[in-house]
Visitor: 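This structure is in structure tokens; I'll ask about it shortly.
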Protein chains: 2
Amino acid sequence: MIRKKTEVRKEEIKAAVLDIIANEGFSMLSTRNLAKRIGLSEGAIFRHFKSKRDIILSIMEDVKSDLQDKLRNIALSAKPAKNRLREFLFAHINYLYKHQGITILLFSEAAHMNDVKLKLQLNEILMEQKLLITKIIHDGKKEGIWNKKINEENAALLYLGIPLSFNVETVLNRNKFNVKEFCENMYKLLLNVLK
Amino acid sequence: MIRKKTEVRKEEIKAAVLDIIANEGFSMLSTRNLAKRIGLSEGAIFRHFKSKRDIILSIMEDVKSDLQDKLRNIALSAKPAKNRLREFLFAHINYLYKHQGITILLFSEAAHMNDVKLKLQLNEILMEQKLLITKIIHDGKKEGIWNKKINEENAALLYLGIPLSFNVETVLNRNKFNVKEFCENMYKLLLNVLK
DNA sequence: TCTTTGCAAGTGAGCAGTCACTTATTAAAA
DNA sequence: TTTTAATAAGTGACTGCTCACTTGCAAAGA
């Protein structure tokens with residue numbers, strides 16, 4: 001019986017959740033299977049999280065502090081809008097690629113939709129992403145590099161489709177996919193939209 | 001005890017599935033709740049479909065014969081590429097708007113992912129949409145109205161993000177949303193990408 | 001009549017979460 | 001530096017519940 005600190009176990013549990021979702025599918029995400037995957041008893045899971053829902057909420061918090069912080073820093077930096085847009089897209093897609101399962105988890109929870117708090121959390125994440133992209137586009141217009149007639153909010157919605165499209169593609173065609181090339185091409189297309 | 005032909009009940013059941021998903025969330029899609037919603041006993045459901053999975057597969061078949069037929073007709077018509085792109089986008093989004101719940105159903109099933117056949121069906125649908133869009137773009141290039149340097153497949157992926165983005169938006173912000181305006185704006189942005 | 005459609009009351013499996021109890025680790029007292 | 005007590009981490013059987021699906025029987029309608 002190996003014993004570990006609760007901080008360590010919490011990380012293991014959250015990692016296992018994403019692993020199960022990405023590799024076995026959402027329907028295999030039972031506390032039983034989760035415990036088995038870590039090599040722990042089912043009861044022990046509930047030592048570290050008071051409910052399954054709490055695990056999901058904790059993962060959402062991670063997204064908010066990891067991904068969103070990164071994206072916020074990029075969007076609000078002093079660099080030219082063009083560079084920020086590029087960095088933003090690459091950071092965004094790379095995060096989703098490294099943490100496969102996150103998008104599925106987030107949207108499955110939103111689709112299941114009985115949990116108001118979870119829905120709010122997701123909305124908060126997406127609204128901020130939309131806002132940050134809108135800001136970059138707005139700044140680019142002020143710099144004079146992009147078309148002033150562009151509807152900023154709709155352009156941001158178009159942007160948000162990219163990570164979604166990416167995730168669908170990776171879920172359905174597991175990994176036969178060059179991430180860097182994908183980002184590079186999408187960046188080029190986005191520049192076309194804006195100029 | 002009202003009795004109806006199995007064909008009629010099948011339609012009622014499938015409509016109820018989409019209704020539950022769109023208005024109560026995926027987690028409420030139990031055979032119990034489904035029966036209750038139609039005003040039927042649970043057992044009667046299984047008179048008309050041999051399993052819950054079969055209901056989902058039947059809905060997918062509907063998508064394939066309704067939406068895909070429509071999109072195929074548009075994409076393969078003799079009209080100018082520009083018009084086809086516009087019609088395609090509008091038909092696509094309108095279908096998803098009228099049949100709310102379809103996208104959630106399709107992607108939730110893909111995320112749950114233990115069912116190879118369901119995954120294949122979804123992949124087939126998306127692959128055809130991608131192909132049709134690719135064709136429209138290709139034709140537009142030949143007509144000389146669009147930039148020949150555009151990567152057709154990636155532009156198609158960017159397009160596919162639009163219905164996804166649309167669905168996320170409608171799930172999270174129930175209907176405070178002008179569909180026509182959304183389509184119009186997205187169409188404009190797509191033209192920017194291509195020219 | 002006899003096939004089709006319906007209902008009520010099942011079934012077993014799987015679910016999240018709990019509980020009484022055990023064991024490892026830490027730290028204070030002897 | 002041991003001994004001892006407190007606590008953190010783990011176990012696995014069990015609970016109540018929901019799930020998809022089945023069964024046996026009733027009644028409608030061709």
Side-chain angles (χ1 to χ4, degrees), chain A residues 1-21 24-60 104-105 108-109 111-118, chain B residues 1-21 24-60 104-105 108-109 111-118:
Chain A
M1 192 206 297
I2 302 152
R3 301 172 61 126
K4 297 180 181 173
K5 296 266 168 197
T6 190
E7 290 75 29
V8 177
R9 282 298 190 208
K10 277 186 165 176
E11 292 309 311
E12 285 183 10
I13 291 168
K14 288 188 283 185
V17 164
L18 294 181
D19 192 61
I20 288 170
I21 290 172
E24 299 179 43
F26 207 84
S27 61
M28 294 304 287
L29 186 63
S30 64
T31 48
R32 250 202 265 305
N33 191 33
L34 190 53
K36 201 177 124 198
R37 154 96 32 159
I38 305 165
L40 212 59
S41 70
E42 215 181 330
I45 301 274
F46 293 94
R47 275 270 173 245
H48 306 295
F49 290 99
K50 79 171 212 283
S51 67
K52 190 182 167 186
R53 175 175 174 272
D54 257 41
I55 307 175
I56 311 296
L57 280 170
S58 176
I59 291 176
M60 281 202 173
I104 295 172
L105 175 68
S108 285
E109 286 303 321
H112 277 240
M113 196 170 86
N114 278 349
D115 194 309
V116 177
K117 191 174 176 189
L118 281 170
Chain B
M1 196 201 295
I2 304 152
R3 300 171 57 122
K4 297 181 183 173
K5 296 267 166 196
T6 191
E7 291 74 28
V8 177
R9 284 296 191 207
K10 276 186 166 177
E11 290 309 312
E12 285 182 10
I13 292 168
K14 287 189 282 184
V17 164
L18 293 182
D19 193 62
I20 288 169
I21 290 172
E24 301 179 41
F26 205 85
S27 61
M28 294 304 288
L29 185 64
S30 64
T31 47
R32 254 208 259 307
N33 191 33
L34 190 53
K36 200 178 124 197
R37 154 94 35 159
I38 306 166
L40 213 58
S41 73
E42 212 182 333
I45 303 273
F46 292 93
R47 268 283 167 233
H48 306 294
F49 288 101
K50 78 173 215 280
S51 68
K52 191 181 166 184
R53 174 175 175 271
D54 257 41
I55 306 176
I56 311 296
L57 281 171
S58 175
I59 292 177
M60 280 199 172
I104 295 170
L105 175 70
S108 284
E109 285 306 320
H112 277 239
M113 195 172 84
N114 279 349
D115 194 310
V116 177
K117 189 172 177 191
L118 281 171

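Order of the sequence lines fixes the chain letters, A, B, ..., with proteins taken first and strands second; residue numbering starts at 1 for each chain. Just the heavy atoms: all of them, side chains too, but no hydrogens, waters or symmetry mates, feed the values below. Because the structure is predicted, anything quoted here is derived from the model rather than measured.
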Visitor: Rounded off to whole Å, could you give me the CZ-to-P distance for the A:R3 and C:dT23 pair?
Guide: 11 Å
Visitor: Between the base of D:dA9 and the side chain of A:R9, is there any donor-acceptor pair under 3.5 Å?
Guide: no
Visitor: Over how many whole Å does the gap from A:I45 atom CD1 to D:dG12 atom P extend?
Guide: 14 Å
Visitor: Round to a whole Å and report the spacing from CZ of A:F26 to C1' of C:dG14.
Guide: 16 Å
Visitor: Are A:E7 and A:K10 ion-paired here, with the side-chain N under 4.0 Å from a carboxylate O?
Guide: no
Visitor: Do A:E12 and A:H48 make a side-chain contact, defined as non-hydrogen atoms from C-beta onward lying under 4.5 Å apart?
Guide: no
Visitor: Need to verify one output field. Residue with the more 5' nearest nucleotide on DNA chain C, B:G43 or B:K5?
Guide: B:K5
Visitor: Donor-acceptor pair under 3.5 Å: do we get one between B:R47's side chain and the base of C:dG6?
Guide: yes
Visitor: Using OP1 and OP2 only, check whether a side-chain N or O of A:S30 sits under 4.0 Å from C:dG14.
Guide: no
Visitor: When the distance from NZ of A:K52 to P of D:dC17 is rounded to whole Å, what number comes out?
Guide: 19 Å
Visitor: Checking contacts here: which listed nucleotide (D:dT18, C:dT5, C:dA20) is nearest the side-chain heavy atoms of B:R32?
Guide: D:dT18
Visitor: Checking contacts here: which listed nucleotide (D:dA20, D:dG10, C:dT5) is nearest the side-chain heavy atoms of B:F46?
Guide: D:dA20
Visitor: Does A:T31 have a side-chain nitrogen or oxygen under 4.0 Å from the phosphate oxygens OP1 or OP2 of C:dA16?
Guide: yes
Visitor: Rounded to the nearest Å, what distance is computed from the CG atom of residue B:D54 to the C1' atom of nucleotide D:dC21?
Guide: 13 Å
Visitor: Calculate, to the nearest 0.5 Å, the distance between atoms CZ and OG belonging to A:R47 and A:S41 respectively.
Guide: 9.0 Å
Visitor: How close or far is atom P of D:dG10 from atom CG of A:L34, stated in whole angstroms?
Guide: 13 Å
Visitor: Mind checking B:I38 for me? I need base, sugar-phosphate or nothing, with any heavy atom below 4.0 Å counting as a touch.
Guide: nothing
Visitor: Can you see if the side chain of A:H48 gets near the phosphate of D:dG10 - specifically, an N or O under 4.0 Å from OP1 or OP2?
Guide: yes
Visitor: For A:M28, does its backbone N or O pair with a side-chain atom of A:N33 as donor and acceptor, under 3.5 Å?
Guide: yes
Visitor: Whole angstroms only, please: what is the CG-C1' distance between A:N33 and C:dA16?
Guide: 14 Å
Visitor: Round to a whole Å and report the spacing from NZ of B:K36 to P of C:dC7.
Guide: 15 Å
Visitor: If you take atom types as modelled and just measure distance, does the side chain of B:E42 reach the base of D:dC21 with a donor-acceptor pair under 3.5 Å?
Guide: yes
Visitor: Report yes if the side chains of A:L40 and A:R9 come closer than 4.5 Å at any heavy-atom pair, otherwise no.
Guide: yes
